[in-house]
Amino acid sequence: MTSIVLFCRPGFEKECGAEIQEKAAWNEMYGYLELKKNQGLVFFHLHESAHGEALMNKLPLKRLIFARQWFVTVTDKIDLPDYNRVEAITEVLGNDWQYSDLRMEMADDNDGKSLSKFCRKLSVPLRQALRKNKVLTQKGNNSADDPEGAILHALFLSGQEVILGFSLARNSSPHVMGIPRLKFPSASPSRSTLKLDEAFLHFIPRDEWDERLTSGMNAVDLGSAPGGWTYQLVRRGMMVTAIDNGPMAESLMETGQVKHKMMDGFKYIPLKKNVHWLVCDMIEKPQRVAKLMSEWLLHGYCKEAIFNLKLPMKGRFQQVTNDLQAMKDAFALHNLRYELYAKHLYYDREEVTVHARLLSPAPLSTKE
Ligand SMILES: C[S@@+](CC[C@H](N)C(=O)[O-])C[C@H]1O[C@@H](n2cnc3c(N)ncnc32)[C@H](O)[C@@H]1O
């Protein structure tokens with residue numbers, strides 16, 4: 001049987017499963033779900049084997065909100081011996097297929113954490129053996145080397161059990177289990193800073209940073225206190241208008257790059273319309289935030305927006321789908337071309353992060 005294995009935040013398996021099942025059905029591919037509760041793992045077992053690869057080819061991972069990483073299985077669960085695990089894996093793989101990289105992965109729970117050390121140790125001899133057998137291509141230390149290549153995934157359920165599979169380099173996360181390990185900058189006033197750092201990494205291609213994420217730009221941060229997100233904008237050389245009734249960290253105010261306005265983020269309208277980035281981390285009803293973001297974009301108050309939609313306790317997938325649909329409807333009303341992607345990022349908790357920008361001129365924009 002072929003399955004798609006998806007990695008998500010532990011506790012969000014239901015949402016991740018519902019989403020893949022829905023998107024597969026849109027493509028007339030069907031299967032059933034096996035959720036590994038609180039392990040951050042979802043198995044989507046497909047009724048037709050060929051649909052695993054077909055779905056990977058058709059559906060961009062970036063279209064999935066709750067899945068951080070995925071692969072299609074090429075084996076069922078393999079029982080490994082206590083010794084010669086490398087030989088056991090290489091034997092199963094043969095050398096019919098070549099891969100440009102290897103990802104050793106595990107559940108995102110405590111058992112997974114204890115397995116990660118074991119995996120790190122095993123990965124060195126396994127890589128060597130796979131290279132020798134020409135299963136891993138020589139250059140393949142990094143999937144960026146070969147965007148058209150396939151990535152080999154080894155999902156360890158324990159030290160004795162592994163499932164092997166593959167993903168397409170151009171349509172999978174470059175990070176093991178889809179988790180980027182970011183360093184917390186000690187100068188930031190809050191840990192939330194990592195959410196915006198990850199969002200920029202995830203949504204904005206590196207080769208476009210010079211144009212879209214660069215020094216001298218103006219930004220607005222709604223719900224900015226104490227300043228973790230503002231810190232990310234300041235460190236990229238931007239001038240930031242920070243909106244929050246709460247206090248901003250002195251260290252940020254001292255940079256001279258931040259103007260703090262103590263007011264309601266729903267009432268603030270920028271005087272000048274040269275704001276490139278609008279970012280918003282206000283703890284508010286997600287439908288209110290989505291509406292506000294649409295208004296900013298439609299009026300041309302900003303060029304791009306990154307914002308959080310806080311998730312409710314129940315019906316999380318439905319809620320976020322509805323909020324995004326409301327934004328799409330607002331853009332469609334004006335026949336606009338746009339980009340709108342949402343992701344439950346690693347540093348998000350009970351929220352998803354959204355990136356939106358219009359590719360058409362803002363229809364409600366008026367001259368200053
Ligand atoms: C999660 S915190 C933001 C943390 C911030 N992004 C950081 O990295 O330090 C949410 C903030 O939203 C602010 N907030 C909530 N509703 C707001 C509103 N209507 N207008 C302005 N700020 C609001 C709160 O005062 C709070 O400081």
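As the structure lists them, so they are numbered: ligands from 1, and atoms in each ligand from 1. Here the structure is a predicted model, which is why all the values come from computation and not from measurement.
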So do [Y] and [X] actually touch side chain to side chain, heavy atoms under 4.5 Å?
X: Leu152; Y: Arg103; value: no
X: Leu194; Y: Arg191; value: yes
X: Leu345; Y: Lys195; value: no
X: Phe266; Y: Leu222; value: no

For ligand 1, is there an atom lying under 4.0 Å from some heavy atom of [X]?
X: Pro226; result: yes
X: Asn245; result: no
X: Met282; result: yes
X: Met263; result: yes

Can you pull out the closest protein heavy atom to [atom]? Residue, atom name and distance to 0.1 Å, please.
atom: atom 24 (C) of ligand 1; value: Asp244 OD2, 3.6 Å
atom: atom 3 (C) of ligand 1; value: Gly223 O, 3.2 Å
atom: atom 19 (N) of ligand 1; value: Asp264 OD1, 2.9 Å
atom: atom 6 (N) of ligand 1; value: Asp281 OD2, 2.9 Å
atom: atom 20 (N) of ligand 1; value: Gly265 N, 2.7 Å

Any heavy atom of Pro189 under 4.0 Å from ligand 1? The part involved is neither
Which of the listed options, Ala225, Ser188, Ser190, holds the heavy atom that is closest to atom 2 (S) of ligand 1? Ala225
Close-contact set for ligand 1 against [X] heavy atoms, below 4.0 Å:
X: Phe266; answer: 19 (N)
X: Ser192; answer: 7 (C), 8 (O)
X: Gly227; answer: 7 (C), 9 (O)

Please identify which of these residues, Glu19, Glu15, Glu351, meets the salt bridge (charged side-chain N to carboxylate O under 4.0 Å, His left out) condition with Arg316. Glu15
Any N/O of Trp229 closer than 3.5 Å to an N/O of ligand 1? yes
Could an N or O of ligand 1 be found under 3.5 Å from any N or O of Gly228, whether backbone or side chain? yes
Using 30° and 60° as the class limits, which term best fits the ring planes of Trp277 and His355: parallel, tilted or perpendicular? tilted
List for me each residue that meets ring-ring contact (aromatic ring centres under 6.0 Å, His included) alongside Phe118, sequence neighbours excluded, and say none if there are none. Phe156
With side chain to side chain donor-acceptor pair (under 3.5 Å) as the test, would you mind laying out the steps for Ser158 and Glu161 before giving the verdict? CA-CA 5 Å; Ser158 70; Glu161 298 165 308; 3.2 Å; yes
Between His344 and Phe12, does the ring centre distance come in under 6.0 Å? yes
Pairs touching residues 325-339 that satisfy side chain to side chain donor-acceptor pair (under 3.5 Å), sequence neighbours left out: Gln325-Asp329, Glu339-Arg357
